[in-house]
Amino acid sequence: MSRETTYNFAAGPAVLPEEALKTAAAEMLDFNGSGMSVMEMSHRSAIYQSIFDETKANLKKALAVPDTHEVLFLQGGASAQFSMVPLNLMGENGTADYVITGNFSGIACKEARKFGTVNVAADTSDCNHTRIPKQEELKLTPDARYFHYCANNTVFGTEWHYVPDVGDVPLVADMSSDILTQPVDISRYGIIYAGAQKNMAPAGVTVVIIRKELAGHELPFTPLIMSYKTMIDKDSMYNTPPCYTIYMLGLVLKWLEKQGGIAAMSELRKERSGLLYDYLDNSRLFHGCAEKDARSYMNVTFTTGDKEKDTEFCKAATAAGFLNVKGHRLVGGMRASVYNAQPMKAVQALVDFMKEYEAKNG
Ligand SMILES: *Cc1c(COP(=O)(O)O)cnc(C)c1O
């Protein structure tokens with residue numbers, strides 16, 4: 001196997017833009033005449049600070065982050081945010097609203113219960129998370145400290161195609177698997193967080209975009225490193241940040257800008273996933289798992305409806321160079337993750353392969 005003969009459909013860590021990888025390789029031993037690798041630099045050095053500042057500025061620009069909000073580069077993945085959000089936003093005797101639309105939002109909800117009262121505003125477990133609740137279904141707590149939802153459900157292949165209206169309650173979104181894929185009105189959000197390894201960079205950095213006024217009200221026992229206030233005051237350098245991953249994010253953002261930015265990504269996501277969904281809707285062997293109006297642009301989940309046939313297909317796909325198409329163990333079936341960096345030709349090749357496979361095995 002080689003990079004040239006394979007396509008990687010992993011859900012995360014996932015495929016990265018080849019241009020970013022090549023630049024990283026070229027700069028590996030000596031970054032920009034510094035005499036050292038970015039991996040070897042002091043995070044307090046002027047040269048590293050310039051990488052950090054440029055990456056942060058480019059992320060703010062790409063997402064049009066207003067001055068009311070701060071961008072943080074943290075560690076611990078999206079999973080650390082499952083604790084950090086309630087620690088900082090729940091307050092004493094607080095209630096928070098959570099929507100359970102999949103695996104990660106369920107874990108986030110469970111974690112929040114340790115720190116306050118949780119109201120489940122909606123839960124799609126009854127249909128194994130094949131749909132997204134409608135606005136009218138959301139049972140909102142009038143004085144909730146915040147409302148939490150997961151914008152794209154990586155495991156189940158569903159995505160919110162509207163921003164929930166929760167009045168003045170701070171809106172908190174896990175955007176780990178769809179950040180940088182569509183324009184977002186950041187001003188509507190209290191907090192957006194995202195682990196990097198789906199759409200931004202290798203694993204190791206977690207991006208948090210927070211409305212500044214929400215910081216500084218953490219529960220008294222909040223560890224220093226889990227306080228948004230600490231991290232805002234120290235510009236994410238309270239401790240050593242994930243320096244190299246931030247640099248990689250910078251390379252990905254430069255690539256993104258050259259492709260036409262988020263506007264271009266927003267169109268491409270429809271083309272990529274559309275190729276797969278169109279085929280699935282006409283296939284007699286495979287069908288999509290998610291309800292049509294809830295389909296994710298990023299994670300296309302599908303199945304033959306038969307466990308053994310699914311296993312056979314995954315085996316054949318892997319042998320043909322289509323890697324990581326096996327679905328998450330909670331769902332079974334197959335999943336093709338088609339993030340920003342997934343080349344259209346990879347998606348086309350997968351669809352062609354599936355068509356051929358169906359002709360032989362359908
Ligand atoms: C991958 C993922 C997570 C978990 O991220 P970690 O970085 O492993 O903590 C959480 N939420 C969503 C939506 C994800 O896709």
Side-chain angles (χ1 to χ4, degrees), residues 8-16 72-87 98-112 122-125 128-133 146-161 163-164 171-182 184 189 191-209 225-226 231 236 241-242 244-246 248-249 252 269 273 289-290 294-301 324 326-331 335-342:
N8 181 7
F9 289 92
V15 67
L16 286 164
L72 299 173
F73 294 134
L74 308 182
Q75 304 194 56
S79 300
Q81 294 307 306
F82 298 166
S83 327
M84 204 160 164
V85 166
L87 276 166
Y98 275 73
V99 181
I100 302 177
T101 51
N103 176 47
F104 293 116
S105 49
I107 300 171
C109 178
K110 199 170 158 200
E111 183 68 2
D123 182 348
T124 53
S125 308
N128 202 26
H129 304 304
T130 50
R131 65 182 197 94
I132 293 294
Y146 63 95
F147 172 100
H148 179 282
Y149 76 110
C150 178
N152 183 72
N153 298 287
T154 322
V155 171
F156 293 89
T158 60
E159 187 168 5
W160 290 66
H161 297 303
V163 179
L171 192 57
V172 178
D174 178 354
M175 291 195 186
S176 293
S177 47
D178 67 350
I179 196 164
L180 295 176
T181 66
Q182 62 187 316
V184 173
Y189 291 86
I191 292 179
I192 290 169
Y193 63 87
Q197 68 272 25
K198 318 290 164 66
N199 235 333
M200 293 195 283
V205 65
T206 312
V207 167
V208 172
I209 303 168
I225 195 154
M226 300 207 86
M231 286 303 182
S236 301
Y244 193 78
T245 325
I246 293 168
M248 284 300 303
L249 170 59
V252 171
R269 67 185 179 148
S273 60
C289 299
R295 283 173 167 175
S296 166
Y297 290 120
M298 294 294 122
N299 311 98
V300 178
T301 49
N324 298 308
K326 189 168 179 283
H328 191 277
R329 66 198 142 72
L330 291 172
V331 192
R335 171 176 54 177
S337 296
V338 290
Y339 300 118
N340 285 350
Q342 189 67 271

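Below, each value reflects all heavy atoms present in this structure, side chains not excepted, and no hydrogens, waters or symmetry copies. Just follow the structure's listing: the first ligand is 1, and inside any ligand the first atom is 1.
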> Which residues satisfy the side-chain hydrogen bond (donor to acceptor under 3.5 Å, both in side chains) test with Ser83, sequence neighbours excluded?
Replying inline: Glu111

>> Are the side chains of Ser296 and Asn153 in contact, using a 4.5 Å heavy-atom criterion?
In response: no

> Is any side-chain heavy atom of His129 less than 4.5 Å from a side-chain heavy atom of Thr158?
Replying inline: no

> Has the side chain of Thr301 got a donor or acceptor atom that lies under 3.5 Å from a matching backbone atom of Phe156?
Replying inline: yes

> Considering residues at least two apart in sequence or located in another chain, which fulfil the salt bridge (Lys or Arg N to Asp or Glu O under 4.0 Å) criterion with Arg269?
Replying inline: none

> Taking only residues two or more places apart in sequence, or in another chain, which ones meet His148 in a ring-ring contact (aromatic ring centres under 6.0 Å, His included)?
Replying inline: Tyr98, Tyr193

> Protein residues near ligand 1, heavy-atom distance below 4.0 Å?
Replying inline: Gly77, Ala78, Ser79, Phe82, Phe104, Cys150, Asn152, Thr154, Asp174, Ser176, Ser177, Gln197, Lys198

